[in-house]
Amino acid sequence: MALQGPIPVTFGMVFPHGCYVVGEVEKVKDFDASTNGRFVQARDKQTGELVWQVAVMDGDPTLKPAQKTVAVKILAPVQPVPPAPTSGSPFTPVEFDGVTVTPYVNGQGRLAYSIRVREMRGLRAGAAKNTPNPSRENI
């Protein structure tokens with residue numbers, strides 16, 4: 001089969017209604033290498049880059065509350081910095097480049113997706129968010 005590993009997609013395919021930063025950028029723990037009292041940050045298996053994580057809220061108004069917030073993993077040599085907050089709004093809109101998804105079966109036996117990106121940035125001027133959002137559990 002030609003598909004091996006993470007599947008490249010566009011930002012608009014995953015977040016057609018946009019998304020908003022709702023948490024801090026944090027290091028992802030390598031559970032196999034970390035020990036009691038010793039934290040080891042995870043590295044991407046394909047690229048060797050450090051893995052960071054940020055919680056974002058999906059802008060899709062049709063999602064259930066439990067589906068609104070998802071974790072996005074960012075591959076970068078240094079901790080990424082979210083864009084500056086938009087004045088007058090409690091939410092910071094964000095876009096991602098170099099997006100991939102990896103499907104997996106979660107603990108409840110349902111299909112879910114791990115989202116990894118190469119770059120986080122502020123919105124581009126005139127970015128449209130009108131593509132319908134496919135039904136999903138955790139894209």
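Only a predicted model underlies this, so the values are computations on that prediction, with no experimental measurement involved. Along the sequence shown, the residues carry numbers beginning at 1.
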Contact list for residues 62-78, test salt bridge (Lys or Arg N to Asp or Glu O under 4.0 Å), sequence neighbours left out
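Salt bridge (Lys or Arg N to Asp or Glu O under 4.0 Å) check on residues 62-78 returns no pairs.
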Salt bridge (Lys or Arg N to Asp or Glu O under 4.0 Å): which pairs involve residues 34-57, sequence neighbours left out?
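Output for this query lists Asp44-Arg116, Glu49-Arg118.
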Could you check if a side-chain atom of [X] sits within less than 4.5 angstrom of a side-chain atom of [Y], using non-hydrogen atoms only?
X      : Y      : value
Thr92  : Pro83  : yes
Thr100 : Val9   : no
Phe96  : Cys19  : yes
Val56  : Thr69  : no
Ile7   : Pro103 : yes

In the hydrophobic clustering that connects Ile, Leu, Val, Met, Phe, Trp and Tyr at side-chain heavy-atom distances below 4.5 Å, which members other than Phe91 occupy its cluster, ordered by chain and number?
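For the cluster that includes Phe91, the remaining residues are Tyr20, Val22, Met57.
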Connecting only ILVMFWY residues whose side-chain heavy atoms lie within less than 4.5 Å of each other, what is the rest of Leu75's hydrophobic cluster?
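Traced through the cluster, Leu75 reaches Val28, Val51.
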Ignoring hydrogens, what is the shortest heavy-atom contact between Pro82 and Val21? Give both atom names and the distance.
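Between these two residues, the closest heavy atoms are CB-CG2, 4.4 Å.
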Run the side-chain contact (heavy atoms from CB on, under 4.5 Å) test against Pro80 and tell me which residues pass, sequence neighbours left out.
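With sequence neighbours excluded, Pro80 shows a side-chain contact (heavy atoms from CB on, under 4.5 Å) to Val25, Trp52, Ile74, Ala76, Met120, given in chain and number order.
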Check side-chain contact (heavy atoms from CB on, under 4.5 Å) between Phe39 and all other residues, then give those that pass, not counting sequence neighbours.
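Applying side-chain contact (heavy atoms from CB on, under 4.5 Å) to Phe39 gives Lys27, Lys29, Gln41.
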Can you establish whether the number of heavy atoms outside Glu24 located under 6.0 Å from its atom CD is more than 12?
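Counting other residues, nucleotides and ligands, CD of Glu24 stays at 12 neighbours or fewer.
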Between CD on residue Glu95 and CZ on residue Phe15, distance to nearest 0.5 Å:
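One gets 11.5 Å once the value is rounded to the nearest 0.5 Å.
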Hydrophobic cluster identity match, Leu50 and Val40, side-chain contacts under 4.5 Å:
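No.
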Asp30: partners by salt bridge (Lys or Arg N to Asp or Glu O under 4.0 Å), with sequence neighbours left out:
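Salt bridge (Lys or Arg N to Asp or Glu O under 4.0 Å) check on Asp30 returns nothing, list empty.
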